[in-house]
Amino acid sequence: MILVLLIVILMAGGILALIGGKWSHSFPRGVALASCTVAFLMMLSLWLGRYKGFNIDADSNWLIEYHKEWIPSFGISFHLAVDGLSLLLLVLTCFIGILAVLCSWEEIRERTGFYYFNLLWILAGVAGVFMAMDLFLFYFFWEVMLIPMYFLIGIWGSENRVYASYKFFIFTQASGLLMFLAILGLYFVHGNNTGFYTFNYFELINTEMPPQTAIWLMMGFMIAFAVKLPVIPFHTWLPDAHGEAPTAGSLILAGLLLKTGAYGMLRFVIPIFPGAAAEIALPAMALGVAGILYGAVMAYSQTDLKRLVAFTSVSHMGFVIVGIFAFNELALQGVVMQLVTHAISTGALFIMAGMIKERLHTRDLGQMGGLWTQMPRMGALGIVFAMASLGLPGLGSFIAEFLILLGTFNAQVWITVIAASGLVLSAVYSLRIVQKIFLGPPRGQLAADLSGREMMIMAALTISIVWLGLFPQPIINTARPAIVQLVQMLEPGNSLQSHQSYVK
Amino acid sequence: MDIAFYVTAAVTILATLLVITRHNPVHALLYLNVSLLSHAMLFYLLGASFAALLEIIIYAGAIMVLFIFVIMLLNLGKETAEQERKWLKWQVWAGPSLLAAVLFVELVILVSSSDGTAYEPAEVTPREVALSLFQVYLIGVELAAMLLMAAVVGAAHIGRHKRLVLHRFLKEEPEENVHEEEPVL
Amino acid sequence: MENLLWLIPALPLAGFLILATLAVVGAGKKITALVGAGSICLSALVTLVVGADFLGAAHESGTYSQTLWTWLEVAGLSIKMTLTLDALSLVFIFVITFIGALIHIYSAGFMEEDRDYTRFFASMNLFVFSMLILVLADNLLLMYLGWEGVGLCSYLLIGFWYEKPENGYAARKAFTMTRVGDTAMAIALFMLFYQSGTLVIGEISTAAPGIWTPNSTTVTCIALLLLAGGLGKSAQLPLQTWLPDAMAGPSPVSALIHAATMVTAGVYLIARMHVVFGLSEVAQTVVAVIGAVTLLLAGLTALTQHDIKRVLAYSTISQIGYMFLALGVGAWTAAVFHFMVHAFFKALLFLAAGAIIEALHHEHSMFKMGGLKDKMPVIFWTFMAGAISLAALPLISSGFYSKDQILWYAWGAEGGSPLLWAVALLGAFITAIYTARMVILTFWGEAKTEISHYPGKRMTIPLVVLAFFSVFAGFIELPHNFGHFTLFSDLLHGVMPETALRVDVSSEWIFQLLAAAATLGGIGLAYFYYYKQPQRLENLRQDMVLSALHEFWFSGWGFDKLYNVVFVRPFLAIAKLNKADVIDQLYTGIVAGTDGLYRLVARTQSGSLRWYIMGMVIGAILILGIQMML
Amino acid sequence: MSNSDLHAFTPLLLLAGASVLVMLLIVARLSHRVIQSVSLVLFLVSFASLAYIRNVLPYHIDPLFVIDSFGVFMMGLIIFSGLVVNVLSYIYFEEKEEGPREYYVLLFLCTLGACVLAVSEHFISLFLGLEILTVGLYALIAYLRKRNHSIEAGIKYLILAAFSSAFLLFGMALIYLQTGTMAFADMAKAITSGNVPPLFLTGLGMMLVGVGFKLAVVPFHMWTADVYQGAPVPVTAFIATASKGGVVAVLLRFFIMIDGFRMEGLELMLICIAIASMVTGNLLALRQNNIKRLLAYSSIAHLGYLLVAFIAGSAMVPHAVSFYLMAYFITTLAAFGVIVVLSHREADAEDLSVYKALFWKHPVLACILSAALLSLAGIPLTAGFTGKFYILATGIQGGFWLLAFVLVGSSVVGLYYYLRVITMMFSGAHDHLPEPKEKHPVFLAISMVVLSMLTLMVIWLGVYPEGMLSIVNQFHLK
Amino acid sequence: MKSSISIDMVILLAGLLFALGIAGVIIRKNIIFMLLSVEIMLNAAGLAFIAAGSRWGQPDGQVMFIFILAMAAAEVSIGLALILQIYHQHKSLDIDKLKEMNG
């Protein structure tokens with residue numbers, strides 16, 4: 001029930017904000033903050049409640065489940081369930097949600113009601129994606145998060161927002177529809193095999209199909225997730241969307257929406273199509289590596305701060321796909337870490353870009369420089385997150401990238417070596433950010449240093465990233481059962497009867 | 001009786017051809033009348049005498065008269081014929097005719113690919129038709145009435161012609177010029 | 001007492017955290033200096049205590065470990081936050097905390113005028129912390145944390161005066177180039193993990209002989225990759241070009257980071273992993289050759305520099321070259337010994353140079369100095385102490401003892417060869433020349449720049465202390481024919497093997513003599529050209545070949561240019577070329593195509609009824625056509 | 001006709017009677033307000049009568065009609081559309097220069113025609129229903145006869161409709177010639193044995209031209225935009241919904257009864273038509289700045305989507321088609337409703353610029369229109385999504401992957417223009433206050449209530465379609 | 001009345017007339033002529049129905065014909081009313097002038 005409650009709180013908060021926005025300018029943000037906080041606390045209590053000592057209390061992977069018929073005519077049910085992986089991402093979702101509300105606090109002055117409505121509904125959609133255990137429901141949530149995001153970019157974005165919002169929407173929608181086709185295909189393959197038509201994940205996971213079919217169906221899923229992640233060559237929506245979105249929008253995009261792609265691969269592509277996934281592992285990893293390098297080079301060449309950060313996302317997500325297709329526990333744990341830490345580090349960079357834009361009214365790196373003099377606090381934090389972005393040990397990203405590379409090394413030596421060269425390039429672009437914004441002669445802009453609210457946001461992020469860097473074990477332990485199971489699935493002749501293992 | 005059929009058919013085709021090629025509307029209309037009359041003849045030959053009568057009375061009579069009315073009302077005469085002559089260049093009609101011809105050829109091929117047994121046209125008497133109309137297809141007839149009602153109401157509304165009102169005190173109700181009467185059934 | 005081990009890195013870390021908080025809150029300079037320097041001094045104190053305890057207790061295993069918490073535990077990979085103290089790390093932490101403390105005290109005076117006083121000390125403290133982690137780490141991943149951490153601090157401190165863009169670029173260059181090495185090292189870590197199943201250094205060292213057959217490709221690969229990491233940090237060929245530019249940072253930074261400690265991290269790494277290196281002859285040879293080539297190249301470059309700090313920078317590269325050479329030939333202890341001695345005298349030289357530069361309105365060029373001998377006596381004498389050690393003046397300088405040992409092993413150790421020795425000897429000659437040149441240009445002759453102010457006590461006292469050590473630190477390790485006093489190597493032999501010799505030890509005196517001759521010859525040559533007859537030098541400059549050579553050396557053998565052409569420019573060109581993202585053009589193309597299709601079909605909606613009917617007829621034709629076909 | 005015949009026939013009789021009654025009211029020179037209200041009541045009564053005949057289903061009135069649950073459902077949809085159009089008509093026509101009274105007569109007749117189509121199982125009733133609908137529409141389209149666009153649209157529609165009717169008739173004649181019957185069921189018997197005779201297929205092909213015109217599928221689509229644009233907005237809404245619904249219903253019934261799916265040639269034709277419609281429709285709408293035309297083009301695409309389900313030929317077809325039609329009807333009515341509310345005396349709210357900043361001026365209207373457009377685009381939470389899901393499921397079940405891909409691909413293109421409208425609605429500043437509308441607060445309020453209800457239905461069908469699905473899934477046409 | 005007319009011949013005749021009607025509709029620009037041509041097509045269809053009815057000896061063909069007649073009348077009436085309006089507004093019956101809506 002807590003799972004349903006999570007979605008309900010977010011959605012209801014959104015509606016309340018929408019209605020309240022008619023009368024009061026500041027009411028909606030209060031509501032939004034309250035509902036995000038409540039959601040966060042709920043998830044946190046769930047996590048801590050299940051997390052005993054060093055291991056998640058796991059007599060089963062599935063910690064909690066909610067199941068109710070929805071459209072029985074098609075075998076569709078409202079089926080939510082959470083394992084360690086989902087739980088982590090849910091906590092992350094709520095955390096990023098709070099930050100998103102906080103960093104919109106002053107930035108958004110118009111139509112606040114509608115704004116926070118959209119914000120909360122995106123969160124609800126993302127949360128739904130992380131919980132849905134019915135493929136139809138999954139697709140449903142997958143799309144639910146799009147429209148509010150589209151509004152968020154399209155209404156509150158900067159100059160080129162309309163183009164960006166179209167691009168974002170059409171890319172994700174197009175790929176989403178392909179996934180939908182694949183879901184339907186899977187539905188019928190399973191139905192024809194067993195005579196039992198259902199969208200239930202735990203049933204479909206055991207679908208047997210000829211390899212050729214599996215490849216095609218998997219491609220449908222893969223493309224959708226690859227666009228979200230994004231894997232080159234499907235990344236081009238990202239810089240535009242990130243660049244034009246309001247700060248909270250970029251934060252959520254980078255922090256959460258991209259994660260849904262990786263989550264989808266972990267949750268659906270590998271378990272449902274282990275054979276096919278193994279078959280495309282090498283090309284997928286090659287694309288991942290290409291993404292790492294390409295994203296890094298592109299990031300370096302950008303003059304727009306937010307676009308730059310967006311391309312770093314492309315680069316970082318390249319690690320994710322490399323790690324996923326390395327198919328071993330080390331790499332997969334690295335992927336989970338990368339999902340969490342990237343949300344924090346890149347999110348922080350976007351928040352910072354937003355703060356700078358609020359002060360200087362530009363995202364052009366050419367017009368920045370020497371900001372350290374006026375904003376030493378931001379300068380220091382900027383360096384922290386630039387370092388996080390380049391994977392400095394001691395910060396969370398390092399753990400992620402190290403584990404991914406370490407895991408991948410076992411699978412593909414040369415892929416790893418090339419991917420590792422991304423570490424050098426990431427230093428190149430990350431330091432360029434620092435150089436262009438904070439270093440150099442001051443240009444005489446008037447920019448106040450961080451306010452108390454902003455310090456609070458950044459402090460939360462800094463503490464998180466350091467915590468993740470020095471003591472990542474809670475994350476790893478929480479994700480472990482899910483990851484272990486995933487790895488077992490990939491071993492041939494070891495198809496797990498997973499539906500028997502969740503809590504009844 | 002084959003001869004009669006072929007002659008009538010020839011007349012029909014010729015008349016129809018002339019309808020679509022004449023410049024003067026009235027001429028065309030008259031040719032169409034000829035075509036309709038020969039249609040009636042064909043119907044008769046096919047044993048549908050009732051239909052033949054209706055063709056003459058309603059089609060050639062009533063409907064064509066409507067056309068005549070309109071042509072008169074709009075005073076379409078020589079000028080229209082001139083205009084038509086200008087319009088009907090071969091560049092204009094060659095392509096469309098070709099399309100029609102292609103369609104016809106296709107039809108011919110498709111139709112002639114059927115079994116093609118000759119048959120005896122059976123005569124269907126007016127009585128049978130009437131019985132069928134008022135027993136089996138009674139609802140159809142009623143629906144036809146609704147159809148005509150729609151036509152009347154529609155035509156009445158569209159055909160209505162507003163006069164220019166010169167003085168606001170003399171503003172009259174728009175006069176209804178019904179150019180249409182309900183065709184007899 | 002050994003339980004205090006964690007305090008050694010924790011104190012600088014606490015200092016950093018306090019200073020970071022102070023930076024936000026805003027604090028006076030006094031308290032900043034107190035916290036900044038105090039934390040390191042305390043750390044040094046703890047080091048002394050712990051060190052004494054360690055030496056006294058003499059653990060049976062020769063090491064002492066302290067586990068703080070588990071860092072990472074995934075699928076067979078278990079990394080603990082464990083600090084390990086053994087003789088090698090003891091030497092290093094001693095140097096780090098002790099010299100670090102002195103430099104912090106010096107900095108308290110040196111940086112007095114600076115606006116970002118707090119930031120400076122915060123970064124310095126963080127650096128000391130990272131460096132301590134690097135040397136105390138019990139596993140390679142933790143070491144990597146320190147390894148990259150010092151890189152970060154180096155970056156922060158090179159770019160400390162960020163308002164000058166060049167400084168920022170220099171910092172970036174340093175970070176990026178070392179990152180190249182670090183990445184290679186990361187790959188080495190992967191290989192090590194999969195080969196040995198652990199990243200704990202001790203376990204690897206123990207297990208190594210059982211895992212790899214000597215000279216196997218794998219072990220060579222691992223060693224070379226580790227070496228690449230070391231090359232980056234230690235500014236050895238071919239990753240050396242960042243170090244001279246790193247002189248953009250404040251002089252205490254150069255002293256601490258770019259002379260005494262961080263740049264020797266490569267030496268530490270190789271010494272630490274000596275078991276792995278010992279298994280691969282190829283790797284050993286490569287280390288030696290790189291060391292030799294680097295020391296020569298850097299020495300020749302130092303010969304031509306104008307900027308006093310750049311001379312010192314190249315000399316640092318050169319001296320580290322010696323250490324690598326020593327490592328390469330298997331003279332492990334000699335390398336570490338030279339490291340220690342070098343740390344003292346090079347830190348001293350940098351600090352003294354910093355004091356000079358500050359006194360002369362931030363004038364870096366030696367040719368605009370001169371005549372300081374009498375005006376700044378303290379500086380002069382301390383600088384001289386450092387300089388004789390650098391030049392390895394026989395008998396009275398500690399540099400002589402450490403360098404002499406290396407020269408001897410370059411010949412005599414099992415990995416040594418006459419060629420290596422010859423190069424090293426030539427290097428010693430060159431070292432003497434540029435050292436003398438530097439001293440002469442700076443302190444003799446006429447004064448060319450006014451002195452604005454004199455260094456205070458906080459700056460001079462550390463100089464004096466360092467000068468003492470530069471001169472006398474060498475006496476803890478004396479050659480066999482000089483009393484055979486081997487306190488230092490004895491200490492280390494618990495950790496590292498003794499150097500095996502291929503020739504008899506009795507011939508060592510010849511090489512000592514030759515080394516002394518080289519040094520004295522070099523000094524004499526410099527004295528002749530730079531003091532006695534400078535016009536001769538002018539004549540030499542007229543020579544086309546020599547001046548071209550001078551240019552070439554001056555530019556650091558053209559490495560910067562080469563890298564510019566081979567790496568930087570192509571990268572920039574690609575980045576610039578593809579700024580608009582070529583893949584995006586694909587989608588733009590699709591959009592344009594769709595738009596074109598739209599225009600095409602939109603034209604069918606002409607509004608002409610006849611056209612519409614024709615469309616229908618065509619449709620009918622097509623439908624019937626399909627029927628005909630089937 | 002027996003009493004039970006009459007019983008089963010009540011809705012149609014009511015509609016026919018309503019048209020006569022309204023005519024009498026016109027003669028009595030009652031005001032627009034009264035006539036509109038009376039028609040509203042009459043529509044409601046007809047709609048309610050559908051429930052009344054529920055227990056006699058399925059009922060055959062030989063040979064012309066079969067009144068079964070599918071037919072009643074379709075009639076329900078059609079009458080419902082008529083009802084909504086009727087509600088919307090008041091505020092639209094009251095300000096117009098034309099006397100709006102005859103309009104209601106024609107509206108009833110058209111609804112009647114469409115309903116006849118929905119329950120006919122004979123060529124004669126098919127033809128008559130179609131013609132009642134079409135002839136009524138001639139007049140309705142050109143209703144604002146003083147406007148050039150209206151009259152242009154009228155004549156275009158008239159000539160094309162007659163033209164296509166001729167094709168339809170000729171095709172029917174060929175089929176009749178081949179089979180000797182005009183009842184669908186008998187026809188099926190006549191062709192069960194062996195191969196389908198070519199004459200029959202030719203007839204089907206020619207009928208397809210006629211039906212294709214009514215459905216506005218490519219290549220018989222070109223009239224759509226002009227007619228949508230020229231006709232009064234409520235009429236456009238009617239064309240988009242009821243008129244198409246009736247034709248789809250009869251076509252489906254015809255196809256299923258004669259088992260048209262086994263004819264490969266026909267299937268191929270339909271596939272071509274479906275693909276062409278999806279692609280062309282969406283392409284045409286791409287940069288359209290007139291929202292009526294835009295919706296016209298989108299309707300072309302949507303009929304293409306519908307054909308995807310149609311072609312699949314499985315038992316799911318009637319279910320998918322009925323559900324999709326319902327979703328489409330509700331959505332389209334909502335969209336046109338917004339246009340009606342925003343239209344002025346002088347001009348319809350057809351230019352996209354009218355919709356600028358609508359979100360801030362009329363948030364409710366904007367939300368309704370957005371919901372409608374998103375539903376048309378097939379985004380979850382809306383009826384359109386469920387409908388599209390059903391269609392895709394049907395198509396994929398039949399193994400028509402190509403069609404499914406084209407559907408997906410073209411609807412991505414389609415997204416663009418729906419988004420354009422939505423973007424238009426939230427772009428622009430909140431510069432001026434809502435214009436003080438309207439003179440007819442009561443009817444405006446009623447319209448708004450209806451539109452809001454439609455929107456709620458759109459969302460309801462998107463979120464919890466199970467109730468409706470379980471109704472739809474009972475249909476059997478064989 | 002006996003005849004041995006081939007069914008194909010009648011259908012072909014109807015088809016030809018139908019095609020002529022189509023040609024007329026496309027060729028002519030004058031709306032009246034277009035309407036006339038449509039009448040030709042409808043007539044052709046009627047002929048086909050009569051022929052079919054006659055082949056099967058059923059009245060249905062004629063019944064259908066009658067309905068076609070009704071439909072033709074209905075259509076012509078509205079069509080002509082529209083023509084009047086067009087003429088009043090455009091002073092021309094040129095269909096190509098009615099192209100205001102396009103795109």
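Since this is a predicted model, take the numbers as computed values, not measurements. Chain naming here is simple, since letters A, B, ... match the order of the sequence lines and numbering starts at 1 in each.
Contact count against chain A (heavy-atom pairs under 4.5 Å) is highest for D:Pro380 among D:Pro380, D:Ala377, D:Gly467. Across D:Leu392, D:Leu407, D:Asn473, D:Val413, the residue that shares the most heavy-atom pairs under 4.5 angstrom with chain A is D:Leu392. The candidate with the highest count of non-hydrogen atom pairs below 4.5 Å against chain D, out of A:Phe140, A:Trp142, A:Tyr166, A:Trp70, is A:Tyr166. Listed options A:Ile170, A:Leu181, A:Leu177 were ranked by heavy-atom pairs under 4.5 angstrom with chain D; first place goes to A:Leu181. The choice from D:Ile396, D:Ile422, D:Leu469 that makes the most heavy-atom pairs within less than 4.5 Å of chain A is D:Ile396. In terms of non-hydrogen atom pairs under 4.5 Å with chain A, the most contact-rich of D:Ala404, D:Ser370, D:Ala393 is D:Ala393. For the set A:Phe141, A:Phe136, A:Phe151, the count of heavy-atom pairs under 4.5 angstrom toward chain D peaks at A:Phe136.
At least one cation-pi condition fails for A:Lys228 and A:Trp237: the charged atom is not both under 6.0 angstrom from the six-membered ring centre and inside a 45 degree cone around its axis. A cation-pi arrangement is not found for A:Arg161 relative to A:Trp156, the charged atom failing to lie both closer than 6.0 Å to the ring centre and inside a 45° cone about the ring normal.
Classified by interplanar angle (parallel below 30°, tilted 30° to 60°, perpendicular above 60°), the ring pair D:Phe70/D:Phe475 is perpendicular. The aromatic rings of A:Phe138 and A:Phe268 are tilted relative to each other, their planes meeting at an angle between 30° and 60°. Ring geometry for A:Tyr66 against A:Phe78 counts as perpendicular: the plane angle is over 60°, on a 0 to 90° scale with 30° as the lower cut. In this pair, D:His319 and D:Tyr390 present their aromatic rings tilted. The plane angle is within the 30 to 60° band. Aromatic ring orientation, A:Phe117 versus A:Trp121: tilted (interplanar angle from 30° to 60°).
For D:Phe389 and A:Phe180, the distance between ring centers is under 6.0 angstrom. Checked against a 6.0 Å centroid threshold, the rings of A:Phe199 and A:Phe74 do not count as neighbours.
Only the side chain of A:Phe188 has a heavy atom closer than 4.5 Å to any heavy atom of chain D. In this structure, chain A has a heavy atom under 4.5 Å from the side chain of D:Met316, while its backbone stays farther away. Contacts between A:Lys167 and chain D at a heavy-atom distance below 4.5 Å are absent for every atom of the residue. Proximity to chain A (any heavy atom under 4.5 Å) is restricted, for D:Leu374, to the side chain, taken from C-beta onward. Only the side chain of A:Ile76 comes within less than 4.5 Å of a heavy atom in chain D; its backbone stays farther off. Only the side chain of D:Phe359 has a heavy atom closer than 4.5 Å to any heavy atom of chain A. Proximity to chain D is limited to the side chain of A:Ile147, based on heavy atoms less than 4.5 angstrom apart. With a 4.5 angstrom heavy-atom cutoff, D:Phe385 touches chain A only via side-chain atoms. Neither the backbone nor the side chain of A:Tyr187 comes within contact range of chain D, judged by heavy atoms closer than 4.5 Å.
Applying the side-chain contact (heavy atoms from CB on, under 4.5 Å) test to D:Ser452 and every residue at least two apart in sequence or in another chain returns D:Ile368.
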